[in-house]
Number of protein chains: 2
Amino acid sequence: MKQQPGSAAMPGTLATQDCGACPIRHRAVCAKCDGDELDRLQQMKSYRTWAPGETIALEGDTLPFVGTLVRGCATLTKSLEDGRVQMVGMLMPSDFVGRPGRSAAPYEVTAVTDTTLCLFERQGFERLIADTPHVSTRLLEMSLNELDAARDWMLLLGRKTARERVATLLGLVLRRAATQTAPLRAELPLGREAMASFLGLTIETVSRQISALRRDGVIEVAAGGRTILCPDFATLRLAAGDNDNAEQIFPD
Amino acid sequence: MKQQPGSAAMPGTLATQDCGACPIRHRAVCAKCDGDELDRLQQMKSYRTWAPGETIALEGDTLPFVGTLVRGCATLTKSLEDGRVQMVGMLMPSDFVGRPGRSAAPYEVTAVTDTTLCLFERQGFERLIADTPHVSTRLLEMSLNELDAARDWMLLLGRKTARERVATLLGLVLRRAATQTAPLRAELPLGREAMASFLGLTIETVSRQISALRRDGVIEVAAGGRTILCPDFATLRLAAGDNDNAEQIFPD
DNA sequence: CGCGCGCCTTGACCTGGATCAAATCCGCGG
DNA sequence: CCGCGGATTTGATCCAGGTCAAGGCGCGCG
């Protein structure tokens, strides 16, 4: 868990970018904004970058900001006093961080890769959503997607076997990375520890199940264990035990 | 699982009531509405009642309405094809049912007790939230509360022991029913099966853990097993394994 | 008042995943 | 090219909670 300075870790690239050119412009909380609203957002925004492993917010912290994840990947985790940890969410580009109307974070937010947030000072943002329905409506939409995803995950945590859990997670990552071409392939952003934390399992069990899925020909694993590919997605889907309803774990 | 007619199960009492006199007026989605907005809601609303055990919506159903639970108690459940079931939420008075912007229910909704909903035709409601920020803001607030609750539950399902899970649930029910007086007392709305479904356990394990908590003097159980009381809430809290952060499972 | 039917509880046993403990692999700096 | 440290895999064993199987208990009904 190396803690590097971070703020300057990824200099320049995204500094005070024009919203119009933002790669997630049409998926983030600002998706429905018109020109004027976008201007207003652009006025108040600022960027900040965190290095892998760095803490973006501690459980119970008071956050002076909310924002959108622009680049990278971060995890949300909750823990029990004795050290047991459960990941309760994952942030990917366009996901929203923080909660208007409450300043204390109910979970810890940690950067997995180099991560850049587009930040808005809380008070200003709250005023903004009070009078621009385009933002609050989009935020409602995104929150409901996350709620659905959280509930899908509750089913996984409450009822799925270890094999099904691992297959479900791999399926999600693969679908995300999908390039439409048959042998699906993806580089895992999460290490075994983070996967175990997400799945309510231990590292050892995750590793064993990945090995089992490989033995059974459901997936292939490249050297290093971080890249997986899947010759037949339907087989993986079957191993995940899902009913045919589309999964919603990573909301759009 | 007796399926009674239901629609006429609770005649009169709540039929087309005046919103101003509604017992949950200040907690539901209409909490922030002013007089005009309330009139508009009152125009479009209608009541409907379900009997215990009746299905309000099936997983995947298209719901023509959204609404607020006015009276009773209902469960949200998701299931796997082979019959495994996980409860993913519970609806209590003032909770909102359904999702503006999407018509298919992602889970099954079932009445636990006699349950009355205050219904709004979907299209009309969507138009309403598009131009009354008071409703959409409140709905966002409620959704974020539910999201927090879902994430607390993920921690429970992923990492807590059977004893901790049962203690957590009992603590929630007791706190809800709290009359401030020391020996907390509550009648469980949920039977053992529903509890097991909520907690990601089996009926037998729930029963055994309740017995164990009683043996250990953490709780007392009245004849019939449906009423529990707790001489010392701090002890129960301890058995639940929570850190001191207030739990949010049943959002306000 | 006794009977039957849902629940709930309890007991005996089994197993999936946790725990404890090595190996092995890999990227990296020297 | 070598050695080191962190991540991953694999093996051996344990145990919490699931499964299967009887009982109890309370309640409504004939």
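Letters A, B, ... are given to chains in the order of the sequence lines, protein chains preceding strands, and every chain is numbered from 1. Keep in mind that the numbers below use all heavy atoms, side chains included, and drop hydrogens, waters and symmetry copies.
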Checklist entry - Atom CE of M195(B) to atom C1' of dC8(C): distance rounded to whole Å? => result 10 Å
Next on the checklist: Given dG18(D), dA18(C), dT8(D), identify the nucleotide with an atom nearest to the side chain of T205(B).
Outcome noted: dG18(D)
Report, one line per pair, each donor and acceptor closer than 3.5 Å where one atom sits in a side chain of residues 207-215 of chain A; sequence neighbours left out.
unit_1	atom_1	unit_2	atom_2	d
S211(A)	OG	S207(A)	O	3.1

Next on the checklist: Let's test your reading of the pairing rules: Watson-Crick or G-U wobble, both distances under 3.5 Å, then write DNA chain D as a dot-bracket string with ( ), [ ], | and dots.
Outcome noted: ||||||||||||||||||||||||||||||
Checklist entry - CG of L188(A) versus P of dT8(D): gap in Å, rounded? => result 9 Å
Checklist entry - Any side-chain donor-acceptor pair under 3.5 Å between T77(A) and E108(A)? => result no
Heteroatom pairs (N/O) under 3.5 angstrom, protein to nucleotides 13-16 of chain D:
none

Next on the checklist: What contact category does S211(A) fall into here, base, sugar-phosphate, or nothing, at under 4.0 angstrom with non-hydrogen atoms?
Outcome noted: sugar-phosphate
Item to check | Stepwise salt bridge (Lys or Arg N to Asp or Glu O under 4.0 Å) check, E220(A) with R185(A) | outcome: CA-CA 9 Å; E220(A) 285 155 41; R185(A) 176 196 184 82; over 6 Å; no
Checklist entry - Taking it one step at a time, do T116(B) and T49(B) satisfy side-chain hydrogen bond (donor to acceptor under 3.5 Å, both in side chains)? => result CA-CA 4 Å; T116(B) 303; T49(B) 294; 2.9 Å; yes
Checklist entry - Would you call D242(A)-K160(A) a salt bridge at under 4.0 Å N-O? => result yes
Checklist entry - How many Å lie between CZ on R165(A) and P on dG16(C), as a whole number? => result 14 Å
Item to check | V97(B) backbone acceptor or donor facing D95(B) side chain under 3.5 Å | outcome: no
Checklist entry - Between T202(A) and dA18(C), does any side-chain N or O lie under 4.0 Å from OP1 or OP2? => result yes
Next on the checklist: For L147(A), is there any backbone N or O sitting under 3.5 Å from a side-chain donor or acceptor partner on N145(A)?
Outcome noted: no
Checklist entry - Yes or no on salt bridge (Lys or Arg N to Asp or Glu O under 4.0 Å) for D152(A) and K78(B), after CA distance, side-chain angles and deciding distance? => result CA-CA 8 Å; D152(A) 280 331; K78(B) 294 185 71 93; 2.7 Å; yes
Checklist entry - Rounded to the nearest Å, what distance is computed from the CG atom of residue L190(A) to the P atom of nucleotide dA7(D)? => result 13 Å
Checklist entry - Do T110(B) and T55(B) get their side chains close enough for a donor-acceptor pair, meaning under 3.5 Å? => result no
Item to check | Euclidean distance, atom CZ of residue R84(A) to atom C1' of dA18(C) [Å, nearest integer] | outcome: 13 Å
Checklist entry - R226(B) near the nucleic acid: base, sugar-phosphate alone, or nothing, with a heavy-atom cut-off under 4.0 Å? => result sugar-phosphate
Checklist entry - Would you call R151(A) and E146(A) a salt bridge, using N to O less than 4.0 angstrom? => result no
Checklist entry - With respect to the phosphate group of dT9(C), does any side-chain polar atom (N or O) of S207(B) fall under 4.0 Å of OP1 or OP2? => result yes
Next on the checklist: How many whole angstroms separate atom CD of E193(B) from atom C1' of dG18(D)?
Outcome noted: 16 Å
Checklist entry - Which residue pairs pass the salt bridge (charged side-chain N to carboxylate O under 4.0 Å, His left out) test when at least one of the two sits in residues 190-204 of chain A, sequence neighbours left out? => result none
Ignoring hydrogens and angles, write down the donor-acceptor pairs under 3.5 Å from the side chains of residues 196-203 of chain A, residues two or more places apart or on other chains.
unit_1	atom_1	unit_2	atom_2	d
S197(A)	OG	M87(A)	N	3.1
T202(A)	OG1	T205(A)	N	3.3
T202(A)	OG1	T205(A)	OG1	3.1

What N/O pairs connect the protein and nucleotides 20-27 of chain C at under 3.5 Å? Give each pair on its own line.
unit_1	atom_1	unit_2	atom_2	d
dC20(C)	N4	E204(A)	OE2	3.1

Checklist entry - Checking all strands, does L201(A) fall into the base, sugar-phosphate, or nothing category for heavy-atom contacts under 4.0 angstrom? => result sugar-phosphate
Next on the checklist: Expressed as a whole number of angstroms, how long is the span from I203(A):CD1 to dG11(D):P?
Outcome noted: 18 Å
Next on the checklist: Rounded to whole Å, how long is the line connecting atom CZ of R214(B) with atom P of dC8(C)?
Outcome noted: 13 Å
